[in-house]
2 protein chains.
Amino acid sequence: MDPRDLLPMGEISSRSGFAASAIRYYEAEGLIEAHRSGGGQRRFERSALRRLAFIRAASNVGLSIDEIREELARLPDNRTPTKADWHRISKHWRARLDEQIAALERLKSGLDSCIGCGCLSLRSCAFSNAGDWAAEQGPGARLLPDSMRKPHPTRRTAG
Amino acid sequence: MDPRDLLPMGEISSRSGFAASAIRYYEAEGLIEAHRSGGGQRRFERSALRRLAFIRAASNVGLSIDEIREELARLPDNRTPTKADWHRISKHWRARLDEQIAALERLKSGLDSCIGCGCLSLRSCAFSNAGDWAAEQGPGARLLPDSMRKPHPTRRTAG
DNA sequence: CCTTGAACTCAAGTTCACTTCAACTTGAAC
DNA sequence: GTTCAAGTTGAAGTGAACTTGAGTTCAAGG
């Protein structure tokens, strides 16, 4: 590996659009790797840029850092994704986006019916009911999937 | 106001589905009001239940506490929403949901085209580009509206 | 050699929407 | 009058995904 091919922090930061602090954070979290110069500064391989692009795409889809780490780890060799990998992964994400879209549509149609009634009833109005609205209807019928609920801090599965 | 008509914390909590701590928080944030018993305990008017229903509906749509406060304050009289208010407001929210749905659709179709190319190019691929992707196209062309971006902690409008 | 900007580390801070805790008081029932 | 669930306060904690700051070192140019 010719050291001449390695890129310093500033280069990676400006080209990827991530702040240096974010990149350091990703390295600490094990999402990317870096070599070190004699004096301890990070030197990145060019492939880190693709990995960062992948990270941005994943986070746009709504994946957490943990999920992104898993997704990257699932790649054989833990390598930067190739075209074939990307094909498979993006199908997976597409489904996730479809689910999010469907959830918002459900919310909207609930809202539509509430325009008519103007009720906001605590009992019957799915829109204002507590967390488990539209249960009963079986799984999949929820208005919002877990991935779209507010990431409430210390909430554990209610007893 | 007959004190007999006022509800204690536990009642409001169980009927609204909010934890007592959440209700206290909302009061501290000025979203709801409460009378006090002689000994300093909260006593709520029945209308607080409707206000809480409104708060839940709003937060399901994705409004922040600040936005909910504003929305409530916009009601003439600062009263609990009537059917007519609800009609107007829910139209507003419907538009917001439509925007979110459209954003996800854009993201998905970007993903579709990326399945073909497998590029994840930092320059041309809208999916992996930094925050200002698809700018140039004018306002409204962004893949994700601000309301759907990750609420990045200490991010101020970049200079 | 000297300067200067880029980079380093580590700890602590930030936002949001609450929750949890500790220590104490109320109030309805018996 | 005693009991005890239910209520009170204020401070501190939570989790995610970084950022900020302080203090120090690196590396490239002149």
Side-chain angles (χ1 to χ4, degrees), chain A residues 3-4 6-32 34-44 52 55-56 58-60 62-69 130-131 146-159, chain B residues 3-4 6-32 34-44 52 55-56 58-69 130-131 146-147 149-159:
Chain A
R4 234 158 300 266
L6 296 176
L7 305 167
M9 190 73 236
E11 198 81 13
I12 290 286
S13 172
S14 63
R15 290 204 187 172
S16 70
F18 283 106
S21 59
I23 294 170
R24 279 190 278 267
Y25 173 73
Y26 291 145
E27 193 202 3
E29 287 292 313
L31 302 194
I32 56 175
H35 302 269
R36 296 297 180 132
S37 73
Q41 299 194 353
R42 288 172 186 78
R43 290 300 124 100
F44 298 89
L52 286 169
I55 291 170
R56 187 179 300 282
S59 99
N60 283 339
L63 302 193
S64 69
I65 293 289
D66 282 352
E67 289 171 312
I68 295 172
R69 192 193 358 257
D146 284 346
S147 70
M148 297 191 70
R149 308 228 169 180
K150 288 282 174 60
H152 280 312
T154 323
R155 179 150 80 188
R156 54 192 74 178
T157 46
Chain B
R4 234 159 302 264
L6 296 176
L7 305 168
M9 190 75 232
E11 197 82 13
I12 291 285
S13 172
S14 63
R15 290 205 187 171
S16 70
F18 283 107
S21 60
I23 294 170
R24 276 182 219 115
Y25 172 74
Y26 291 146
E27 193 202 3
E29 287 292 313
L31 302 194
I32 57 176
H35 302 270
R36 295 298 178 130
S37 74
Q41 299 194 354
R42 286 173 185 79
R43 290 300 122 100
F44 297 90
L52 286 169
I55 291 170
R56 187 180 300 281
S59 97
N60 283 339
V61 175
L63 302 193
S64 69
I65 293 288
D66 282 352
E67 288 171 313
I68 295 173
R69 195 195 355 261
D146 286 344
S147 70
R149 309 228 168 178
K150 288 282 173 60
H152 281 313
T154 323
R155 178 150 78 188
R156 53 191 76 178
T157 46

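Residue numbers start from 1 in every chain, and the chains themselves are labelled A, B, ... in the order their sequence lines are given, proteins ahead of strands. No experiment lies behind these values; they were computed from the predicted model shown.
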Closest nucleotide among D/dT20, C/dT19, D/dA17 to the A/Tyr25 side chain: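 Within the option list, the nearest is D/dA17.
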
When you get a sec, tell me which of C/dT19, C/dA17, D/dC18 is the closest nucleotide to the side chain of B/Ser64? C/dA17

Pick base, sugar-phosphate or nothing for B/Phe18, based on heavy-atom distances below 4.0 Å to the nucleic acid. nothing

Between [atom2] of [N] and [atom1] of [X], the distance in whole Å:
{"X": "B/Ile68", "N": "C/dC18", "atom1": "CD1", "atom2": "P", "value": "8 Å"}
{"X": "B/Asp66", "N": "C/dC16", "atom1": "CG", "atom2": "P", "value": "7 Å"}
{"X": "B/Arg56", "N": "C/dC18", "atom1": "CZ", "atom2": "C1'", "value": "13 Å"}
{"X": "B/Ile32", "N": "C/dC18", "atom1": "CD1", "atom2": "P", "value": "12 Å"}
{"X": "B/Arg69", "N": "C/dA17", "atom1": "CZ", "atom2": "P", "value": "10 Å"}
{"X": "B/Glu27", "N": "D/dG10", "atom1": "CD", "atom2": "P", "value": "11 Å"}
{"X": "A/Ile23", "N": "D/dC18", "atom1": "CD1", "atom2": "P", "value": "11 Å"}
{"X": "B/Glu67", "N": "C/dT15", "atom1": "CD", "atom2": "P", "value": "17 Å"}

Please tell me if the side chains of B/Tyr25 and B/Leu31 come closer than 4.5 Å, counting only heavy atoms from C-beta onward. no

Any side-chain heavy atom of B/Ile68 sitting closer than 4.5 Å to one from B/Tyr26? no

Tell me, for nucleotides 1-10 of chain C in 5' to 3' order, what letter each nucleotide earns: B for a base near a protein heavy atom under 4.0 Å, S for only sugar-phosphate near one, - for neither? ------SSB-

Any side-chain to backbone donor/acceptor pair from B/Arg69 onto B/Gly30? Under 3.5 Å, distance only.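 Judged by distance alone, no pair lies under 3.5 Å.
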
Could you tell me whether a side-chain N or O of A/Arg56 sits under 3.5 Å from a main-chain N or O of A/Ser16, the two making a donor and an acceptor? yes

Using side chain to side chain contact (heavy atoms under 4.5 Å, CB included) as the criterion, list what pairs up with A/Glu67, not counting sequence neighbours.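 Residues passing side chain to side chain contact (heavy atoms under 4.5 Å, CB included) with A/Glu67: A/Leu63, A/Ser64, A/Arg96.
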
Those stems involving DNA chain C that have three or more consecutive Watson-Crick or G-U pairs, both distances under 3.5 Å, are C:1-30 with D:1-30

Kindly compute the distance separating CZ (A/Arg43) from CD1 (A/Ile12), expressed to the nearest 0.5 Å. 10.5 Å

Rounded to the nearest 0.5 Å, the CD1 atom of A/Ile23 sits from the CG atom of A/Leu52 at a distance of 5.5 Å

Which residue lies toward the 5' end of DNA chain C, B/Ile55 or B/Gly38, if each is placed at its nearest nucleotide? B/Ile55

